Amino acid sequence: MTDAGEAMSAEFDTVAEWTAEVARDLGPDFYIPAGCRGSGNPAALDWMLHELDLQAGETLLDCGAGVGGPAAYAARARDVLPVLAEPELGACRAARSLFGRPVVSASAAQLPFADESFDTAWCLGVLCTMPDQRELLTELRRVVRPPGRIGMLVFIADPTLSPDEQPDGNHFPTEESLGRLLDQAGLRIDDRLCTADLPAIPDAWENAVNTVEDALRERHGHERAWQLSEEQSGQMGRLLGDGPVTGHVLSLRRSG
């Protein structure tokens, strides 16, 4: 087993910068699909945009923003004003170079923003990478104005899944533990959908992502960071495919 910090850094730091480099070489049509690698189906983003009722000119915090593709997608679709928070410096540089949006290097558990700074927030696939999950949820509640419109993509594990079966650096909540975490953070689920029930990824999007993946593999397939990233994504794919882990998109609100 690899060191968890090394695996996470490979995926969200080194490979993030490589991804931005490839996207710049391929052209602007590839920026958003490349920047959404790992964030799943664009239909999940559409679902959240609808459920959060995002309006033009509103501020959106993308917490754990990665390369910034989802925030750019939201800005294009709804003319919102995204701010990105991302702990890995490589991903911060990649997001700035591709999309030019405000980016701060920060942990999701310690956001450098005042109370009620944003109209909305979302956090996509980040919760399971955090050991301090309650702090992440509490911070999201703190920085979003009432009624607390928050979107999440979360991966939920069957209680029978053992810790050593999880990809390095991941801590999947169970349905029960997620409920407790939300209660403790003062949040409730307003609506939810299993990602398996979302529409298929559009062909044009999938083709763009595959082109980026092929270029990354050709340029960096021999390097350890790429190999670690591929191991992580492969293990995640198997868990989702076999069923002990399921993806869910959530629309949250303050519970009080």
Side-chain angles (χ1 to χ4, degrees), residues 1-2 4-5 7-12 15-16 35-48 51-52 62-67 69-70 86-88 91 107-109 121-140 150-185 187-201 209 228-252:
M1 181 176 290
T2 60
M8 299 298 282
S9 180
E11 185 173 2
F12 298 110
V15 175
C36 288
R37 285 180 65 248
S39 301
N41 192 330
L45 302 179
D46 290 333
W47 185 89
M48 278 189 278
E51 292 297 323
L52 298 177
D62 190 335
C63 184
V67 180
E86 166 57 45
E88 295 288 352
S107 166
W122 66 25
C123 186
L124 309 180
V126 176
L127 186 69
C128 64
T129 69
M130 301 285 294
D132 40 4
Q133 295 176 352
R134 184 175 67 177
E135 286 82 353
L136 180 156
L137 294 169
T138 301
E139 281 291 85
L140 288 175
I150 298 168
M152 298 195 75
L153 167 64
V154 298
F155 298 104
I156 299 175
D158 186 277
T160 61
L161 186 71
S162 66
D164 60 3
E165 293 177 283
Q166 303 190 26
D168 290 335
N170 282 267
H171 317 273
F172 298 119
T174 63
E175 190 71 45
E176 182 180 356
S177 68
L178 177 63
R180 286 197 304 271
L181 288 165
L182 291 172
D183 284 344
Q184 292 164 358
L187 295 169
R188 61 176 173 82
I189 297 175
D190 191 55
D191 203 355
R192 68 185 296 171
L193 186 67
C194 182
T195 56
D197 296 327
L198 289 165
I201 297 174
V209 171
L228 286 175
S229 177
E230 285 290 273
E231 288 174 12
Q232 290 280 94
S233 62
Q235 188 175 1
M236 188 70 179
R238 289 188 293 274
L239 290 171
L240 288 167
D242 295 341
V245 175
T246 52
H248 302 260
V249 281
L250 310 179
S251 176
L252 306 177

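Note that the structure is a prediction, hence the values are computed from the model and not measured.
Looking at residues two or more places apart in sequence or on another chain, you find a side-chain contact (heavy atoms from CB on, under 4.5 Å) between D46 and L49, Y73. The salt bridge (charged side-chain N to carboxylate O under 4.0 Å, His left out) test applied to R238 returns no partner, not counting sequence neighbours. Looking at residues two or more places apart in sequence or on another chain, you find a side chain to side chain donor-acceptor pair (under 3.5 Å) between T246 and H248. Taking D132 as the reference, A109, M130, E135 meet the side-chain contact (heavy atoms from CB on, under 4.5 Å) condition, with sequence neighbours excluded. The salt bridge (charged side-chain N to carboxylate O under 4.0 Å, His left out) search around E86 returns none, not counting sequence neighbours. With sequence neighbours left out, E230 forms a salt bridge (charged side-chain N to carboxylate O under 4.0 Å, His left out) with R217. Annotation: side chain to side chain donor-acceptor pair (under 3.5 Å) contacts of R180 (sequence neighbours excluded): E176. Residues forming a side-chain contact (heavy atoms from CB on, under 4.5 Å) with P87 (at least two apart in sequence, or on another chain): none. Applying the side chain to side chain donor-acceptor pair (under 3.5 Å) test to S233 and every residue at least two apart in sequence or in another chain returns nothing. Shown here are the side chain to side chain donor-acceptor pair (under 3.5 Å) partners of S251, two or more places apart in sequence or in another chain: R253. Not counting sequence neighbours, the partners of S162 by the side-chain contact (heavy atoms from CB on, under 4.5 Å) test are D164, E165. Residues passing the salt bridge (charged side-chain N to carboxylate O under 4.0 Å, His left out) test with E175, sequence neighbours excluded: R192.
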message: As a quick check of understanding, evaluate side chain to side chain contact (heavy atoms under 4.5 Å, CB included) for T129 and N170, giving each step before the final call.
response: CA-CA 5 Å; T129 69; N170 282 267; 3.9 Å; yes
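Counting heavy atoms from C-beta outward, T195 and L153 have side chains that approach closer than 4.5 Å. You'll find the side chain of L137 reaches within 4.5 Å of the side chain of M152, heavy atoms only. C63 places a side-chain heavy atom less than 4.5 Å from the side chain of L140.
Without hydrogens or angle criteria, E51 side chain to G151 main chain gives no donor-acceptor distance under 3.5 Å. With hydrogens and angles disregarded, a donor-acceptor distance shorter than 3.5 Å links the side chain of N41 to the backbone of P199.
Taking CZ of R134 as the start and OG of S177 as the end, the distance is 13.0 Å to the nearest 0.5 Å. With rounding to the nearest 0.5 Å, the separation of CG in L178 from CD in Q133 is 8.5 Å.
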